[in-house]
**Student:** 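My questions will all concern the structure given below.
Lettering of chains follows the sequences in order, A, B, ..., and the numbering in each one begins at 1. Values below: every heavy atom of this structure, side chains too, minus hydrogens, waters and symmetry copies.
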Amino acid sequence: MIRVQREDFDVGAELEKLSRGNPRIGGVASFIGLVRDMGGGDKIEALTLEHYPGMTERKLTEIEVEANRRWPLDASLIIHRYGRLEPGDRIVLVATASPHREAALAACHFLIDWLKTDAPFWKSEEAPKGERWVATRSEDDEATQKWKATKER
Amino acid sequence: MIRVQREDFDVGAELEKLSRGNPRIGGVASFIGLVRDMGGGDKIEALTLEHYPGMTERKLTEIEVEANRRWPLDASLIIHRYGRLEPGDRIVLVATASPHREAALAACHFLIDWLKTDAPFWKSEEAPKGERWVATRSEDDEATQKWKATKER
Amino acid sequence: MRLLYFAWLRAKIGTAEEEFDLPSEVNDVSSLLLWLKSRGPGYAEALKDLKTVRVAVNQDYVGPEHPIHDGDEVAIFPPVTGG
Amino acid sequence: MRLLYFAWLRAKIGTAEEEFDLPSEVNDVSSLLLWLKSRGPGYAEALKDLKTVRVAVNQDYVGPEHPIHDGDEVAIFPPVTGG
């Protein structure tokens, strides 16, 4: 399931829902992304996430379908927020549930790596010298390339 | 932090505590292990987890120290339950928090793999033909061996 | 053709969205970007380094040779930085 | 010397814990296991396949050559299955 929303989410409730009523599931892996207070060496007051409504949902769905194609998942979830967020605020939750821990862990890692380079979100930071757009990290591209090199399970 | 306990735990509250008040943290990775309703092809009514008090805490602490040596973590948590548990019940929570998502994800994966082969817990299952001890999975040993082969960061 | 701009490309161009009839010299992404650059200093500035520009046609990432048809939704934006 | 047994080793041996003075023929893990096997059919059955037996001395995993001293806490158990 995917959700793109301005509001915060309840991590405990979301993870609980993912496995509830399905005793086949042996493991739930998750990743929560948070707003950091530093960016490019500067103290950050807040950041604003802009996205491309329509394409965002489409890309997140594609990423989720690909994870389910690669690993035997019983459930998966991506929640990504947009709007103005402050340090410590949650940005994204990725979670996967599977009978087997390796599948859940690998798929969770895959989803967050892939989302970082494919989902159309952009961050601008409120730094002391004014507002500025966050630059891409080359490590993010490399992380996704690593998955692209291993298309098969 | 490590905890060995009979009681259940509140995943949302535990993950929240891990990053609260530390805006350096950019990512929290976690893994929740759940009791499955199948074991060795049989329906499982429940399982009982026995452990070695004293050595359990010692081994979990060693594993956590090793994860902190390998990756730049701001916080980490292992909670492992013992006693009688039913399908769907939580067994274990492993969580890691770091400024960087790769460190949090890798350390979380490491902790659960390593815990599976090093922490002195034993499961017995209540199956239709009576109680029986769960056998080790060779995949678990291989998962830990993989980490042993990459001692350095 | 519907054009959408995001992040600093939107800020430099000065609008988030515009509608055009497809100009006769535009038949693919390359020729569209070339044509846009000629529309004014904001466009020229936004599109001066195409290495930092991504294009999606009808919400899929495409390369410079991808054809453009009237009625397409074309979005132009910097590399993404979500997650 | 304090001996602890866990999981099916405890069940087969029939006790979770016992205390001994160190026998003269025991100086390492190997000789301890050999001596234990001779103590009765439950011990012999529990220790017949040493591939499925792990030993910890003073709460650290050890191999067959590890020395045993009086006062040690020695735990004998199958491969672990937690997590």
Side-chain angles (χ1 to χ4, degrees), chain A residues 8-16 18-39 43-46 74 86-102 104-106 108-113 115-116 137 139-140 142-143 146, chain B residues 8-16 18-39 43-46 74 86-102 104-106 108-113 115-116 137 139-140 142-143 146:
Chain A
D8 195 13
F9 43 82
D10 179 335
V11 173
E14 296 296 343
L15 297 182
E16 170 91 36
L18 211 61
S19 64
R20 189 183 296 152
N22 183 351
R24 276 169 40 89
I25 293 173
V28 175
S30 74
F31 179 82
I32 305 160
L34 302 168
V35 180
R36 296 175 59 193
D37 66 348
M38 294 295 284
K43 201 87 185 161
I44 300 305
E45 277 297 308
D74 275 42
E86 295 183 356
D89 284 352
R90 284 177 274 268
I91 303 172
V92 63
L93 171 67
V94 162
T96 51
S98 171
H100 305 293
R101 87 173 179 288
E102 283 296 330
L105 288 163
C108 176
H109 200 151
F110 168 85
L111 284 174
I112 186 68
D113 278 357
L115 175 160
K116 285 240 171 204
R137 294 165 66 234
E139 299 97 295
D140 289 337
E142 286 156 21
K146 184 188 71 191
Chain B
D8 194 11
F9 44 84
D10 179 333
V11 173
E14 298 296 344
L15 296 182
E16 171 92 33
L18 212 61
S19 64
R20 190 182 298 152
N22 183 350
R24 276 169 39 88
I25 293 173
V28 175
S30 74
F31 178 81
I32 305 160
L34 302 168
V35 180
R36 296 176 57 190
D37 65 349
M38 295 294 285
K43 201 87 184 161
I44 300 305
E45 278 296 308
D74 275 42
E86 296 183 354
D89 284 352
R90 283 176 276 266
I91 303 172
V92 62
L93 172 66
V94 161
T96 51
S98 173
H100 304 291
R101 84 172 181 287
E102 284 297 329
L105 288 162
C108 176
H109 199 152
F110 168 86
L111 285 174
I112 186 68
D113 279 357
L115 177 160
K116 285 241 169 202
R137 295 165 66 232
E139 299 96 295
D140 289 336
E142 286 155 22
K146 186 187 67 188

**Student:** Identify, with sequence neighbours excluded, every residue that meets side-chain contact (heavy atoms from CB on, under 4.5 Å) alongside A143(B).
**Tutor:** R101(A), E102(A), D113(B)
**Student:** To the closest 0.5 Å, what do you measure between CG (L93(A)) and CG (D8(A))?
**Tutor:** 10.0 Å
**Student:** Sequence neighbours excluded, which residues qualify as side-chain contact (heavy atoms from CB on, under 4.5 Å) partners of E86(B)?
**Tutor:** A46(B), R84(B), D89(B)
**Student:** Going by the rule side-chain contact (heavy atoms from CB on, under 4.5 Å), which residues pair with E16(B) if we only count those two or more places apart in sequence or in a different chain?
**Tutor:** R90(A), R20(B)
**Student:** So which of G21(A), A13(A), P99(A), G33(A) has the biggest tally of heavy-atom pairs under 4.5 Å with chain B?
**Tutor:** P99(A)
**Student:** Check whether any side-chain heavy atom of R36(A) lies under 4.5 Å from a side-chain heavy atom of H100(B), and answer yes or no.
**Tutor:** yes
**Student:** Count the heavy-atom pairs under 4.5 Å between each of I44(B), V11(B), I32(B) and chain A, then report the option with the highest count.
**Tutor:** I32(B)
**Student:** More than 12 non-hydrogen atoms from neighbouring residues, nucleotides or ligands closer than 6.0 Å to CD on E139(A), yes or no?
**Tutor:** yes
**Student:** At a heavy-atom separation under 4.5 Å, does V92(A) approach chain B through its side chain, its backbone, both, or neither?
**Tutor:** neither
**Student:** Rounded at 0.5 Å granularity, tell me how far OG1 in T96(A) sits from CG in L105(A).
**Tutor:** 7.0 Å
**Student:** Write out, in numerical order, the residues from residues 22-31 of chain B with a heavy atom short of 4.5 Å from a heavy atom in chain A.
**Tutor:** P23(B), R24(B), I25(B), G26(B), G27(B), V28(B), A29(B), S30(B), F31(B)
